[in-house]
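Values in this document were obtained by computation on a predicted structure and should not be read as measured data.
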Amino acid sequence: MKERERIRQRLIADPGVVATVVTAVREQVPAYAALDDSRLNEVRAIAAWALDRLLQLWVTDGALTPPTSGGSAGSPRRGPWTAARCRRSCGPTGSRRRC
(Lines give C-alpha, C1' and ligand atoms only; values in the text may rest on other atoms or scores of the structure.)
Protein backbone atom coordinates (compact mmCIF):
# COMPACT_ATOMS: atom_id res chain seq x y z
CA MET A 1 0.00 0.00 0.00
CA LYS A 2 2.94 2.35 0.46
CA GLU A 3 3.59 2.20 -3.27
CA ARG A 4 -0.05 2.97 -4.04
CA GLU A 5 0.01 5.95 -1.67
CA ARG A 6 3.16 7.25 -3.35
CA ILE A 7 1.46 6.98 -6.75
CA ARG A 8 -1.70 8.66 -5.38
CA GLN A 9 0.30 11.58 -4.03
CA ARG A 10 2.16 11.98 -7.32
CA LEU A 11 -1.08 11.98 -9.35
CA ILE A 12 -2.98 14.46 -7.17
CA ALA A 13 0.04 16.78 -7.09
CA ASP A 14 0.13 16.95 -10.90
CA PRO A 15 -2.36 19.60 -12.16
CA GLY A 16 -2.12 18.05 -15.60
CA VAL A 17 -4.11 15.01 -14.46
CA VAL A 18 -7.19 17.05 -13.52
CA ALA A 19 -6.75 19.18 -16.65
CA THR A 20 -6.81 16.01 -18.76
CA VAL A 21 -10.00 14.83 -17.05
CA VAL A 22 -11.71 18.21 -17.57
CA THR A 23 -10.63 18.29 -21.22
CA ALA A 24 -12.07 14.82 -21.77
CA VAL A 25 -15.36 15.79 -20.12
CA ARG A 26 -15.63 18.93 -22.26
CA GLU A 27 -14.95 16.92 -25.42
CA GLN A 28 -17.42 14.15 -24.57
CA VAL A 29 -20.29 16.09 -22.93
CA PRO A 30 -21.70 18.83 -25.20
CA ALA A 31 -23.22 20.81 -22.32
CA TYR A 32 -19.76 21.26 -20.80
CA ALA A 33 -18.08 22.47 -24.00
CA ALA A 34 -19.37 26.03 -23.67
CA LEU A 35 -18.94 26.56 -19.92
CA ASP A 36 -17.34 29.82 -18.84
CA ASP A 37 -14.32 30.01 -16.53
CA SER A 38 -16.38 30.32 -13.34
CA ARG A 39 -18.26 27.11 -14.13
CA LEU A 40 -15.09 25.36 -15.26
CA ASN A 41 -13.57 26.10 -11.85
CA GLU A 42 -16.42 24.11 -10.31
CA VAL A 43 -15.85 21.26 -12.77
CA ARG A 44 -12.12 21.29 -11.93
CA ALA A 45 -12.87 21.18 -8.20
CA ILE A 46 -15.25 18.25 -8.64
CA ALA A 47 -12.76 16.41 -10.87
CA ALA A 48 -9.96 16.95 -8.34
CA TRP A 49 -12.17 15.73 -5.49
CA ALA A 50 -13.27 12.66 -7.46
CA LEU A 51 -9.70 11.81 -8.47
CA ASP A 52 -8.50 12.05 -4.88
CA ARG A 53 -11.47 10.04 -3.57
CA LEU A 54 -11.05 7.25 -6.12
CA LEU A 55 -7.31 7.07 -5.51
CA GLN A 56 -7.89 6.94 -1.73
CA LEU A 57 -10.21 3.99 -2.28
CA TRP A 58 -7.60 2.32 -4.49
CA VAL A 59 -4.87 2.81 -1.87
CA THR A 60 -7.00 1.31 0.90
CA ASP A 61 -8.77 -1.34 -1.22
CA GLY A 62 -11.99 0.50 -0.40
CA ALA A 63 -15.23 0.41 -2.31
CA LEU A 64 -17.56 3.05 -3.68
CA THR A 65 -20.73 3.47 -1.67
CA PRO A 66 -24.05 5.00 -2.74
CA PRO A 67 -24.01 8.81 -2.52
CA THR A 68 -25.86 10.54 0.27
CA SER A 69 -29.07 12.42 -0.55
CA GLY A 70 -27.36 15.84 -0.48
CA GLY A 71 -24.62 14.97 -2.94
CA SER A 72 -21.42 13.09 -2.34
CA ALA A 73 -19.98 13.53 1.13
CA GLY A 74 -16.98 15.81 1.02
CA SER A 75 -17.75 16.97 -2.50
CA PRO A 76 -17.15 20.66 -3.23
CA ARG A 77 -20.66 20.82 -4.69
CA ARG A 78 -23.34 22.24 -2.48
CA GLY A 79 -26.33 19.97 -2.89
CA PRO A 80 -27.69 18.06 -5.86
CA TRP A 81 -27.92 19.40 -9.39
CA THR A 82 -31.34 21.01 -9.63
CA ALA A 83 -33.62 21.77 -12.56
CA ALA A 84 -33.07 25.49 -11.92
CA ARG A 85 -29.29 25.11 -12.20
CA CYS A 86 -29.79 23.07 -15.36
CA ARG A 87 -31.91 25.82 -16.94
CA ARG A 88 -29.26 28.43 -16.09
CA SER A 89 -26.57 26.24 -17.62
CA CYS A 90 -28.36 24.74 -20.62
CA GLY A 91 -31.24 27.08 -21.34
CA PRO A 92 -35.00 26.54 -21.37
CA THR A 93 -36.62 23.13 -21.69
CA GLY A 94 -36.99 23.49 -25.46
CA SER A 95 -33.25 24.03 -25.91
CA ARG A 96 -31.15 21.61 -27.97
CA ARG A 97 -28.73 21.15 -25.08
CA ARG A 98 -29.64 18.85 -22.21
CA CYS A 99 -27.94 18.09 -18.90
Side-chain angles (χ1 to χ4, degrees):
M1 283 203 201
K2 287 182 182 182
E3 179 67 10
R4 286 185 180 189
E5 177 60 23
R6 187 185 66 71
I7 293 168
R8 183 191 77 81
Q9 288 178 9
R10 190 175 73 216
L11 289 172
I12 62 173
D14 181 353
V17 176
V18 170
T20 299
V21 170
V22 172
T23 297
V25 168
R26 293 186 79 198
E27 290 173 353
Q28 297 297 315
V29 183
Y32 283 77
L35 292 180
D36 62 27
D37 285 339
S38 67
R39 299 303 297 268
L40 280 176
N41 286 335
E42 183 178 0
V43 174
R44 286 183 196 99
I46 293 168
W49 174 85
L51 173 68
D52 187 40
R53 181 70 181 123
L54 289 171
L55 289 172
Q56 285 174 357
L57 291 171
W58 176 64
V59 167
T60 62
D61 284 327
L64 289 173
T65 58
T68 60
S69 61
S72 299
S75 170
R77 286 183 38 199
R78 294 180 60 128
W81 188 264
T82 64
R85 288 178 73 190
C86 178
R87 281 191 297 277
R88 285 194 304 271
S89 175
C90 298
T93 306
S95 173
R96 292 181 295 145
R97 294 169 41 195
R98 301 271 188 225
C99 293

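A distance of 11.0 Å separates CD1 of Ile46 from CG of Asn41, quoted to the nearest 0.5 Å. Note that CG of Leu11 and CH2 of Trp58 are 7.5 Å apart. Values are rounded to the nearest 0.5 Å. Note that the CZ atom of Arg4 and the CG atom of Asp61 stand 4.5 Å from one another [nearest 0.5 Å]. Taking CD of Gln56 as the start and CG of Leu51 as the end, the distance is 10.0 Å to the nearest 0.5 Å.
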Kindly indicate, with the supporting measurements, whether the criterion side chain to side chain contact (heavy atoms under 4.5 Å, CB included) is fulfilled by Val43 and Arg39. CA-CA 6 Å; Val43 174; Arg39 299 303 297 268; 5.6 Å; no
Go through Leu55 and Ile12 one step at a time and tell me if the side chain to side chain contact (heavy atoms under 4.5 Å, CB included) criterion holds. CA-CA 9 Å; Leu55 289 172; Ile12 62 173; 4.0 Å; yes
Test Arg8 against Glu5 for salt bridge (charged side-chain N to carboxylate O under 4.0 Å, His left out), laying out the working first. CA-CA 5 Å; Arg8 183 191 77 81; Glu5 177 60 23; 2.8 Å; yes
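Remark: Glu3 engages Arg6 in a salt bridge, criterion side-chain N to carboxylate O under 4.0 Å.
When all heavy atoms of Val21 and Ala47 are compared, the pair lying nearest together is CG1-CB, 4.0 Å. Across all non-hydrogen atoms, the minimal contact from Thr60 to Met1 is CA-SD, 4.0 Å.
Cluster annotation: Val29 is connected to Leu40 through the hydrophobic network of ILVMFWY side chains, with a link wherever side-chain heavy atoms come within less than 4.5 Å.
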